[in-house]
2 protein chains.
Amino acid sequence: MANRILNDYISVDCVIFGYNDNELQVLLVERTLSNESTKEIEFTDLTLTGNHIYEDETIEDAAYRVLFDRTGLDNVYLEQFKAFAHPDRLKKDKDRKWLIHDGRDPDKRIISIGFFSLISTRDIIVESKCGIAKWIPLSEIGELAFDHNQIVDEALKALRNKIKHEPIGFELLPEKFTLTELQNVYEVVLGTELDKRNFRKKIGRMKYLIPLDEKQKGVAHKPARLYMFSRDVYEKTKKEMFDFTV
Amino acid sequence: MANRILNDYISVDCVIFGYNDNELQVLLVERTLSNESTKEIEFTDLTLTGNHIYEDETIEDAAYRVLFDRTGLDNVYLEQFKAFAHPDRLKKDKDRKWLIHDGRDPDKRIISIGFFSLISTRDIIVESKCGIAKWIPLSEIGELAFDHNQIVDEALKALRNKIKHEPIGFELLPEKFTLTELQNVYEVVLGTELDKRNFRKKIGRMKYLIPLDEKQKGVAHKPARLYMFSRDVYEKTKKEMFDFTV
DNA sequence: ACACTTAGTGTAGTTTTTACACATATGAAC
DNA sequence: GTTCATATGTGTAAAAACTACACTAAGTGT
């Protein structure tokens with residue numbers, strides 16, 4: 001055993017989930033790889049959005065900063081779920097002798113602290129300081145850079161677990177939403193179908209779900225009533241939690 | 001903002017919970033602090049057990065190693081729950097101008113990845129390679145070194161959350177146990193009282209709870225039946241999870 | 001006016017939860 | 001060996017939650 005102390009780069013990586021077209025999507029960034037000898041661009045790759053932690057900030061601060069730099073959004077649901085540090089994390093790239101154009105030394109291990117974040121995709125992403133970010137449906141994610149596939153998998157697990165017990169589905173929707181939209185979020189995240197009447201009965205009991213005197217507009221069918229989530233009420237009644245235990 | 005990249009020590013810290021005397025306890029180690037000028041020992045402090053991560057191991061490996069070095073135990077319940085890195089983590093010590101005798105540079109920030117671990121305190125702790133480890137009841141923990149109070153708090157939160165949904169209470173008991181002992185574990189961890197009959201009705205439904213043809217011995221009252229936890233059955237029937245949602 | 005589409009609603013049977021009290025088996029003390 | 005002290009082990013009734021299931025209502029488009 002080498003027993004050298006790992007004293008290495010640390011980063012936060014955010015798995016930013018969005019919900020659109022009845023699908024769960026992840027925000028990913030292109031990374032450019034070039035051939036080490038010819039210096040020509042070989043191809044591009046997809047990675048999660050991450051960044052280093054500065055000396056004067058907490059891990060959470062760093063994650064919010066990454067999120068803001070990438071999406072221009074503030075005030076977003078964000079949760080730390082796991083730290084990753086596989087010794088063979090960079091092997092893939094080293095074997096292939098590609099140069100990574102993000103200024104990191106490819107021989108160093110990176111510890112990454114994983115966060116997942118939920119954003120309503122109707123919140124238009126204004127800025128994206130660094131590189132091209134794209135929404136990719138979860139089902140269409142191919143092979144990502146580093147160990148980012150594993151990080152996404154674990155993030156999804158953490159999200160599924162969380163949504164069963166706490167009302168975070170709202171975070172993926174715009175401020176006002178219909179019950180069918182909400183049900184779809186749960187179905188998409190959990191990967192199950194839910195019965196419409198039973199779903200409505202269940203969340204109808206939750207006091208933090210506020211019915212509005214407003215209806216959907218411009219749809220070619222009976223317009224649905226709109227609802228809001230009240231964070232205030234939720235904080236006051238945390239006892240009665242949303243529990244989708246299967 | 002400084003914007004210097006944090007490139008610093010990383011460690012794992014384990015919050016090792018044990019259950020004894022109807023109490024939840026934590027395994028802590030003494031740390032010796034001495035006055036920087038006189039070099040005399042000032043006093044001792046309590047810390048969680050932690051260690052650095054080596055280059056060729058995963059974070060989990062490191063946590064199991066710490067656990068083994070400290071307790072001599074293998075095959076123990078262990079779970080990563082959160083990473084910590086407060087910029088002011090070491091301020092307390094720096095202000096007081098104490099020298100820390102564990103070889104760490106007190107000016108460096110330490111990122112610590114928190115694990116919690118459950119062990120049956122009837123498993124006698126054989127070895128303890130480094131320093132004196134003590135079981136301290138949760139209620140009697142004073143001010144710990146670094147940000148370890150916060151880490152313990154978060155570990156307890158994570159434990160409470162986990163025990164509501166998965167059968168990990170068993171990990172705190174010896175192989176054979178009575179239902180009253182099991183109920184006590186739940187009560188102590190959750191900090192609530194539970195109704196004896198309802199508790200038994202509920203776990204009676206769980207197939208991974210195996211009744212034995214054996215009874216308690218040497219007690220001055222009606223001897224209780226002994227039970228075992230079957231990990232095998234649990235893995236096969238993960239659907240019906242233990243859910244103590246209050 | 002008609003067709004199309006999604007919204008919205010109720011019930012009966014089953015299971016789970018909750019609250020609650022007394023007889024029983026053992027060791028200890030006498 | 002009788003009695004005492006102590007923790008074990010058990011059932012029921014009422015309320016709440018869960019499951020499965022099908023039709024009418026309210027809009028838009030033609």
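Since we're looking at a predicted model, the values are computed, not measured. So you know, we letter chains A, B, ... as the sequences are listed, proteins then strands, and number each from 1.
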Report summary line: Per-nucleotide protein contact along nucleotides 22-30 of chain D, 5' to 3', at a 4.0 Å heavy-atom cut-off (B base, S sugar-phosphate only, - neither), is B--BBBS--
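Shown here for B:Leu172 and B:Phe17, the closest heavy-atom pair between the two residues is CD2-O, 3.5 Å. For A:Arg197 against A:Asp195, the heavy-atom pair with the smallest separation is N-OD2, 3.1 Å. Residues B:Ala83 and A:Gln80 share a closest heavy-atom pair of N-OE1, 2.6 Å.
Listed by first and then second residue, the side-chain hydrogen bond (donor to acceptor under 3.5 Å, both in side chains) pairs involving residues 217-232 of chain A are A:Glu171-A:Arg231, A:Asp213-A:Arg225 (not counting sequence neighbours).
The distance between atom CZ of A:Phe199 and atom P of C:dG8, rounded to the nearest whole Å, is 12 Å. Rounding to whole angstrom units, CZ of residue A:Arg200 and P of D:dC18 are separated by 17 Å. As a whole-Å value, the separation of A:Phe177 CZ from C:dA7 P is 14 Å. Taking atom CG of residue B:Leu194 and atom C1' of nucleotide C:dT16, one finds them 16 Å apart after rounding to whole Å. Spacing between atom NZ of A:Lys202 and atom C1' of D:dA20 amounts to 15 Å, rounded to whole angstrom units. Computed from coordinates, the B:Glu193 CD to C:dC20 P distance equals 13 Å when rounded to whole Å.
For the pair A:Thr180 and C:dT6, the criterion of a side-chain N or O lying under 4.0 Å from OP1 or OP2 is not met. Taking 4.0 angstrom as the limit, B:Lys201 places none of its side-chain polar atoms (N or O) nearer than this to OP1 or OP2 of C:dT17.
Among the nucleotides D:dC21, C:dA7, D:dC18, the one closest to the side chain of A:Asn198 is D:dC21. When distances run from any side-chain atom of B:Arg205 to the nucleotides C:dA19, D:dG9, C:dT16, the shortest one goes to C:dT16.
Between B:Phe170 and B:Leu182, some side-chain heavy-atom pair lies under the 4.5 Å cut-off.
Ring geometry, B:Phe116 versus B:Phe81: the interplanar angle falls from 30° to 60°, so the pair is classed tilted.
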